[in-house]
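Because the structure is a prediction, the values reported are computed rather than measured.
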2 protein chains.
Amino acid sequence: MTEAPENRIEDAILDAIAEQRLPAGTKLGEQVLSELFDCNRANVRRALASLAGQHIVELRPNRGAFVVTPTPQEARDIFQARRAIERTIAREAAKHATVEDIRKLREIIEEEAQARATARKPLELRLSRQFHIQLAKIAGNHVLERFLAELTMRSTLILGLYSSGGASQCSEDEHTEIVNALEKGDAEALSHLIDEHLQHLEADLSFDRPKQIGFGLAQALVSPSY
Amino acid sequence: MTEAPENRIEDAILDAIAEQRLPAGTKLGEQVLSELFDCNRANVRRALASLAGQHIVELRPNRGAFVVTPTPQEARDIFQARRAIERTIAREAAKHATVEDIRKLREIIEEEAQARATARKPLELRLSRQFHIQLAKIAGNHVLERFLAELTMRSTLILGLYSSGGASQCSEDEHTEIVNALEKGDAEALSHLIDEHLQHLEADLSFDRPKQIGFGLAQALVSPSY
DNA sequence: TTAAGTAAGATTGTTAACAAAAATAAAGAA
DNA sequence: TTCTTTATTTTTGTTAACAATCTTACTTAA
């Protein structure tokens, strides 16, 4: 069975945001999307309504749908929410992690390192996000996993707007420390490491000058940059 | 300016769920809703898609939209998520609470007591939920507030399905204790009280025999029970 | 040159008709 | 009766045409 068109659209938009092919503020025109995904406007509108319900997309009446552009205040709220959620994810992951889970996390870190070494920033970002999502899957709480999926998606948009670029190597090293703590099963240390990791990510932001603000093309939706 | 029809529909459905007029599993037929809110089906579908994005409604292809029925596992995930989120809300609320905030919370508790005294369970439930939402507003984090709004909504459905009925008086007393700790500005005590309060709520559930499962009428949407 | 106003084009919003699928009711066989 | 099959009805899904709104380009006047 092939996937429903509105889900294909939704997933494609989410994937594109996760890899920074779709920057904050990009207009998501109905006709463009319906042609791109070969379906009618009704399905496009359904996908956009669902994304609006998840605060990934903003619907402006009579104007259309746009990728959200988080404000500095929203960025603070999002990182505070991530710390609340990921501390609990950390403690739960420590309870449930298997050797296979650990192996998979290290694999993601390895790919991250390679992406960074070859200067493939979008891939690196997707993998960094994947690392956090994977921890949530290990924790086994579907609700927290979904919340984190949304928050990391919006974090990617925030990084695109406000990142001052520094924290990349740092982030990777911290991921390694996190897996080590997980392997030891030290829930409290793990929780603390994750919390600090997120504080470091947030500290890397600078709200002086927003960088890329949405340009028009949704072509990025179908052509990955690597 | 009058509100857009899809928002009217969405809010009406959420209100009805918050007061247990719409139980888990209720079918939300498109024609019924479009007649009830005097709008076309397109608006109904948009509202339902948005609610589906918030996991309040489940869309089954070719079947229609239904109020979600949380499983016992989902109930556990939801309460764990609430504890993660509301602990942080508690600490933030302790930082920002004004005397006016305290007054308003006590007002809600008072109304709760009256609703309980006069055996108006749906109103009592709505107010109990309102208490937690109000704390989130005081904390001032819009993201956490929205997550909590969703979680308390689903908690109401869970109580409808699995509540063993006992925790009502207990819950009210704990709300009082919580406001007292907030007034003192004791963030850690407050966080701990909230955590215990949620554990008590969860402990009141019994997963033996689900009670009300969705019957058909969406008439409940427009006629409050008090 | 700049600004305001106007007209043309493009995009979103609304509506209705039709197609497809599922639920229901009815009829027949074991 | 009970189960299956078939026909009917209801509901969801799709499509296209039209209306309303916004955007853009152009013209005109200060």
- request: Mind calculating the distance between CG (A:Leu33) and C1' (C:dT12) to the nearest angstrom?
  value: 13 Å
The helix from C:dT1-D:dA30 to C:dA30-D:dT1: angle between end helix axes, five pairs per end, rounded to 10 degrees: 10°
- prompt: For the residue pair B:His175 and B:Phe131, does the interplanar ring angle fall in the parallel (under 30°), tilted (30 to 60°) or perpendicular (over 60°) class?
  reply: parallel
task: Would you mind telling me which of D:dT14, D:dT12, C:dT14 lies closest to the side-chain atoms of B:Lys27?
output: D:dT12
- prompt: Considering only heavy atoms and no angle criterion, is a donor-acceptor pair shorter than 3.5 Å present between the side chain of B:Arg41 and the base of D:dG13?
  reply: yes
query: Taking atom P of C:dA16 as reference, at what distance in whole Å does atom CZ of B:Arg45 sit?
result: 16 Å
query: Taking all non-hydrogen atoms of both residues, which atom of B:Leu148 and which atom of B:His132 are closest, and how far apart?
result: CD2-O, 3.5 Å
query: Salt bridge check: are A:Arg146 and A:Glu150 linked by an N-O gap of less than 4.0 Å?
result: no
- prompt: If you check the B:Glu30 side chain, which of D:dT15, D:dG13, C:dG13 turns out closest?
  reply: D:dG13
task: Inspect the contact between B:Glu124 and B:Arg120 and indicate whether a charged nitrogen and a carboxylate oxygen are less than 4.0 angstrom apart.
output: no
- request: Only one of A:Arg87, A:Glu86, A:Gln80 passes side chain to side chain contact (heavy atoms under 4.5 Å, CB included) with A:Arg83; say which it is.
  value: A:Arg87
- prompt: Rounding to a whole Å, what distance do you find between A:Asn40:CG and C:dA17:C1'?
  reply: 15 Å
B:Glu107/B:Arg103 salt bridge by N-O under 4.0 Å criterion: yes
query: Can you check salt bridge (charged side-chain N to carboxylate O under 4.0 Å, His left out) on B:Arg60 and B:Glu58, steps first, answer last?
result: CA-CA 6 Å; B:Arg60 301 185 207 156; B:Glu58 185 188 350; 3.8 Å; yes
query: Between atom OG1 of B:Thr152 and atom CG of B:Leu159, what is the distance when rounded to the nearest 0.5 Å?
result: 10.5 Å
query: Is there a residue in residues 51-67 of chain A whose heavy atoms reach under 4.0 Å of DNA chain D, and which residues are they?
result: A:Asn62, A:Arg63
field: Value in whole Å for how far the P atom of D:dT12 lies from CG of B:Leu28
entry: 10 Å
query: D:dT15 C1' sits how many Å from A:Gln31 CD, rounded?
result: 15 Å
statement: Exactly one candidate in B:Arg129, B:Glu202, B:Arg82 meets side-chain hydrogen bond (donor to acceptor under 3.5 Å, both in side chains) with B:Ser155; the answer is B:Arg82
